[in-house]
Amino acid sequence: MAKKQVYDHKKIEKKWQKKWEASKIYKTDDKTLKTGQKKFFVLDMFPYPSGEGLHVGHPKGYIATDIVSRMKRMSGFKVLHPMGWDAFGLPAEQFAIKNKTNPMIGVKKTVARFKKQVSIIGLDYDWDREINTTDPKYYKWTQWAFLKILEAGLAYESHEPINWCPSCKTGLANEDVEDGKCERCATPVEKKPLRQWVIKITKYADRLLNDLEALEWPEPIKDAQRNWIGRSEGAEVTFKTNTGVDVSVFTTRVDTLFGVTYVVVAPESNLIAEFGDNIKNKKEVAEFIKNTSKISDIERTAVDKPKNGLKLDGVIAINPANNEEVPVFIADYVLANYGTGAVMAVPAHDTRDYAFAKKYDLPIREVIKSESEIAGAELFVDDGVLINSSKFSGLTSGEARGKIAKAYGKLVTKYKLRDWVFSRQRYWGEPIPVIHCEKCGVVPVPYKDLPVVLPKVKSYEPTGTGESPLANILSWVNVKCPKCKGPGKRETNTMPQWAGSSWYYLRYMDPKNDKALVDPKKEAFWSPVDFYVGGAEHAARHLIYARFWHKFLQDIGVVKYGEPFKKLQNVGLIMGEDGRKMSKRYGNVVNPDTIVETYGADTLRLYEMFMGPFDQEITWKTDNIIGVRRFLEKVWRMHERVVDDTKKTAGKKSVSKDGEGVFGLDNATDILFNQTIKKVTDDIGTLGFNTAISQMMILVNQLEKVEAVPKSVYLTLIKLLAPFAPHATEELWMLFGQKGSIHTSLWPEYDSKKLVLNTITVMVQVNGKVRDQFNAELGISKEEMEKLALESKYIKENFADKKPSRIIVVPNKIVNLVY
RNA sequence: GCCGGAGUGGUGGAAUGGUAGACACGCACGACUCAAAAUCGUGUCUCGCAAGGGGUGAGGGUUCAAGUCCCUCCUCCGGCACCA
């Protein structure tokens, strides 16, 4: 029996954190990577180390991956569980502007602080693999990948108007705009024509969509991505015009082609210029276009906004289906950057066209009839049967779509996904490694000259002119063209924050490699990430960009698999006690340091996992922490009642014995013990941490009733608990003189013959309601169960003279008598 | 508007279609104590003294049996949104 020891979390936790660090027990050794060896790559979405520090919500995901990683390690897997920093981006830049210091310094400070806060929680990261996206040795490979993308013809310069945040003074990708506002600062986004680098992510739309199928991701995330990619099947139909310029329209309802009463083009469309002098009311048209461009996207896309338009006098389009002449409008409800930027309007069968037609008093022609014959309404948007459609009349919408498309146009697929606007007019990002030469045009920086290091500047302020602050450092900007050696200028735009995070998981496999992005052997061993944990807010950005980047790397042979993250799990947010998001602004922030100080890291870890389902948003309640702390103390104190059952010594007896002179658990407790091993093992696999912990609580409560706890049982219990509470269990492990660390010991196995009690309780139901019960031996026959049910007290007293019309017997569980 | 997800005690939450409320917080009472804290024990969905009845957002349905499956709603949360 071990000596009495007091549970002093402060002493224990500091002590073991130091020891683990010194002995590097969590280091992932990759000197021997054998194919076929069991591996597990568990990854957290790496954080942006902000100056604000952590609140208790941040480590929730890290604790979960830590538990999984520890359990996998104990189960004989080679585990990779790394951490790093996604440190480019606005907050560090703003810090730099305010303090007039290089952002690198601010980043160093915040990383150090962040790391300290994380380390007191006792996470098992292999810090030898720490990465930082702002390290030139790292972004060398971000730039390398960009050059490969450029080489493959997937990056291009564009002058199309893009989303511009007037406050951040930079262009934004479509993904960075929320509700027409800048995702960072909530300033309404404007459209601004600006030279920018764009990546053809749309070329991968199909693969990004189809490959979702095989991923073990939460369905809502997959749906969000499907939604974002927005594949839609339709037809393209060309309307000839009297101007000689053709107008192509995209429609998903080509079955309504005979109902077209006008055509609409987007105000930004090039078609307007192409029509030229054919437009008789040019002045008004120019005016209209000017007014439309002035209003922001939020106003323009507001729900129920009245649709504004203007007829292009002098332009007539011809419906290829019936050669009818229809007027052409420009209107703000048609978007230039979707489909063809022009639509055929069928007011009888489209809500928007209907509203527009009503407003401008345009004809409405019915060509689809409801199959269920309720009709009568002027507007009918569902599929039905064609009428007034010449030889196609009588067909259903579905039949007609293929036939009409074939006759007058072609079937096409369109996506909502836009190409990725990849340049930012800011300082703190990876320089885009190209040189502009008057003679040779865009020339990539030779691979041997990578990385293009971000130079130091005096002012980090964005210029607002559409140029990055880098443009002012002439000594950096002016270089020789690598091709013709003539005068050239460096690209001064930088990459978006999403660049560095699009491939970082690969770097963890081989963090110090200077010769390649990743060693193919290491990549082959570790890929894909087995388990990825992070916030759901990345559904339509990071997770799309990373999948795209990965697929590109696959295409050029850098990686083997087509998808980076096999299994994904979202962390549910921890809300403040007032039910709002934890934020300094609301004064509801709980700091993990103070919780660790008062209750200990093990308690914090247990609490965050016990709060509720892992992926669910949940409210923090400091008052509730005491429950898991009590549990931990019970486990701790239990060590005083442990008897060595490994030797047959006399001493304290357990309440019941399994055999002569051998201390053991009574049958019921033994079964509970085996059930617990199974449940904890299974639940960690499915992230059911809350139920895993409650199962251990049930076992501990039961063992409280036992006079003496066998040592083998106790050691198993603390092994099960070790991933959750690594410090206390390590101390107890040592207290019992066990060799090595508990965290490198073998994960317990259960005895599958000891999962069910021999004695069962059978419920007697009448018409599905529980009325009585009886005990029986496990494996009792159906006939016997039926007989015992009919003999039960309740049935005898209430249904003695009646015969049930039906009897349902669920083996070992229930007899339901139907009267 | 479209696409997802969720509604269970005072609270956080458990429940392969098969005993609803495990586990935990809180609360009440009791034990220990001069006393308090800590700890332990008992109770705690609801109506009822009890026997018994009712009960998982609302209403229908399927089933021997529904928190769980289906339909129609309501509320909340997340994503997308004049996407043709």
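Just so it is clear, the model here is predicted, and its values are computed rather than measured.
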Complementary nucleotide for B/rU62 - Watson-Crick or wobble, under 3.5 Å: none
I'd like a list of close polar pairs between nucleotides 36-42 of chain B and the protein, N/O only, cut-off under 3.5 Å.
none

Choose from B/rG18, B/rG5, B/rG12 the nucleotide whose nearest atom is closest to any side-chain atom of A/Phe610. B/rG12
Assigned partner base of B/rG67, Watson-Crick or wobble definition, under 3.5 Å: none
What parts of residues 680-689 of chain A reach RNA chain B, counting only heavy atoms under 4.0 Å away? none
Using the P atom as the point on both nucleotides, what is the distance between B/rU44 and B/rG21, in whole Å? 11 Å
How are the rings of A/Phe329 and A/Tyr360 set relative to one another: parallel (under 30°), tilted (30 to 60°) or perpendicular (over 60°)? tilted
Any A/Asn690 side-chain N or O less than 4.0 Å from OP1/OP2 of B/rA22: no
Flag for A/Tyr333-A/Asn308: side-chain donor and acceptor within less than 3.5 Å: no
Using a heavy-atom cut-off of 4.0 Å across all strands, would you classify A/Asn701 as base, sugar-phosphate, or nothing? sugar-phosphate
Taking the side chain of A/Pro613 as its heavy atoms from C-beta onward, which of B/rA81, B/rA14, B/rA20 lies nearest to it? B/rA14
B/rA31 - base-pair partner by Watson-Crick or wobble geometry, distances under 3.5 Å: B/rU39
When the aromatic ring centroids of A/Phe673 and A/Tyr750 are compared, is their separation below 6.0 Å? no
Mate of B/rA15 across any strand shown (Watson-Crick or G-U wobble, both atom pairs under 3.5 Å) is none
If only side-chain N and O atoms of A/Arg771 are considered, is one of them under 4.0 Å from the OP1 or OP2 phosphate oxygen of B/rG53? yes
Scan every strand shown for a Watson-Crick or G-U wobble partner of B/rG26, both distances under 3.5 Å, and answer none if you come up empty. B/rU44
How far apart are the C-alpha atoms of A/Arg231 and A/Asp206, what are their side-chain angles, what is the distance that settles it, and do they pass the salt bridge (Lys or Arg N to Asp or Glu O under 4.0 Å) test? CA-CA 8 Å; A/Arg231 183 189 161 103; A/Asp206 248 330; 2.5 Å; yes
Mind checking the CG-CG spacing from A/Asp615 to A/Leu568? Nearest 0.5 Å is all I need. 11.0 Å
For A/Glu704 and A/Arg641: C-alpha separation, side-chain torsions, deciding distance, then whether salt bridge (Lys or Arg N to Asp or Glu O under 4.0 Å) applies. CA-CA 9 Å; A/Glu704 286 281 286; A/Arg641 294 186 295 113; 3.5 Å; yes
Whole angstroms only, please: what is the CG-C1' distance between A/Leu606 and B/rG12? 16 Å
Nearest to the A/Met697 side chain among B/rA14, B/rA24, B/rU19, which nucleotide is it? B/rA24
Most 5' of A/Phe250 and A/Gly612 on RNA chain B, judged by nearest nucleotide: A/Gly612
Run the salt bridge (Lys or Arg N to Asp or Glu O under 4.0 Å) check on A/Lys679 and A/Asp682 step by step: do they pass? CA-CA 5 Å; A/Lys679 182 141 180 73; A/Asp682 294 350; over 6 Å; no
Using a strict 4.0 Å threshold on nitrogen-to-oxygen distance, state whether A/Lys782 and A/Glu786 make a salt bridge. no
Would B/rG78 be called syn or anti here, given the cut-off of 90° from 0? anti
Whole-Å distance separating the CG atom of A/Asp223 from the P atom of B/rG4: 6 Å
Classify A/Val810 by what it touches in the nucleic acid, base, sugar-phosphate, or nothing, heavy-atom distance under 4.0 Å. base
Starting at atom CD of A/Glu786, determine the distance to atom C1' of B/rC64, rounded to an integer number of angstrom. 13 Å
For B/rC82, what is the paired nucleotide under Watson-Crick or G-U wobble rules, both distances under 3.5 Å? none
Distance, C1' atom - from B/rA14 to B/rG59, rounded to whole angstrom: 27 Å
Could you state the atom-to-atom distance from CD1 of A/Ile808 to C1' of B/rC64 in whole Å? 3 Å
Please report, rounded to the nearest Å, how far the P atom of B/rA84 is from the CZ atom of A/Arg401. 12 Å
Let me know the distance between OH of A/Tyr338 and C1' of B/rC80, rounded to the nearest Å. 13 Å
Just how far, in rounded Å, is C1' of B/rC82 from CG of A/Leu379? 14 Å
Please enumerate all protein N or O atoms sitting under 3.5 Å from an N or O of nucleotides 6-11 of chain B, with distances to 0.1 Å.
residue	atom	partner	partner atom	Å
B/rU11	O2'	A/Lys621	NZ	3.2

If you measure from the C1' atom in B/rC69 to the same atom in B/rA22, how many Å do you get, rounded? 24 Å
Under a 3.5 Å limit on both distances, the Watson-Crick or wobble mate of B/rA51 is none
Is the phosphate of B/rA84 approached by A/Tyr333 (side-chain N or O, under 4.0 Å from OP1 or OP2)? no
Protein-nucleotides 67-77 of chain B N/O pairs under 3.5 Å:
none

Picking from B/rC23, B/rG12, B/rG5, the nucleotide nearest the side-chain atoms of A/Ile618 would be B/rG12
With respect to the side chain of A/Ser694, which nucleotide from B/rU19, B/rC23, B/rG13 is positioned closest? B/rC23
Between A/Ser805 and B/rC64, is there a contact of a side-chain N or O with OP1 or OP2 at under 4.0 Å? no
Among side-chain atoms of A/Glu175 and A/Trp228, is any donor-acceptor pair under 3.5 angstrom? yes
Decide side-chain contact (heavy atoms from CB on, under 4.5 Å) for A/Tyr607 and A/Val56; before the verdict, give the C-alpha distance in whole Å, the side-chain angles of both, and the deciding distance to 0.1 Å. CA-CA 11 Å; A/Tyr607 175 61; A/Val56 287; over 6 Å; no
Rounded to the nearest Å, what distance is computed from the CD atom of residue A/Glu797 to the P atom of nucleotide B/rA51? 14 Å
Those residues of residues 812-819 of chain A lying under 4.0 Å from RNA chain B by at least one heavy atom: A/Lys813, A/Ile814, A/Asn816, A/Val818
In terms of the nearest nucleotide of RNA chain B, which residue is placed more toward the 5' end: A/Gly339 or A/Trp228? A/Trp228
Nearest 0.5 angstrom please: A/Thr256 OG1 to A/Glu366 CD, how far? 12.5 Å
Expected list for residues 411-419 of chain A near RNA chain B, using heavy atoms below 4.0 Å, is A/Lys416, A/Arg418
Who pairs with B/rU75 - Watson-Crick or G-U, where each distance is under 3.5 Å: B/rA6
Dump the intermediate steps for salt bridge (Lys or Arg N to Asp or Glu O under 4.0 Å) on A/Arg401 and A/Asp383, then the final yes or no. CA-CA 11 Å; A/Arg401 277 198 278 270; A/Asp383 279 4; 2.9 Å; yes
Remember a base hit wins even if backbone is also touched, and classify A/Pro218 as base, sugar-phosphate or nothing at under 4.0 Å, heavy atoms. nothing
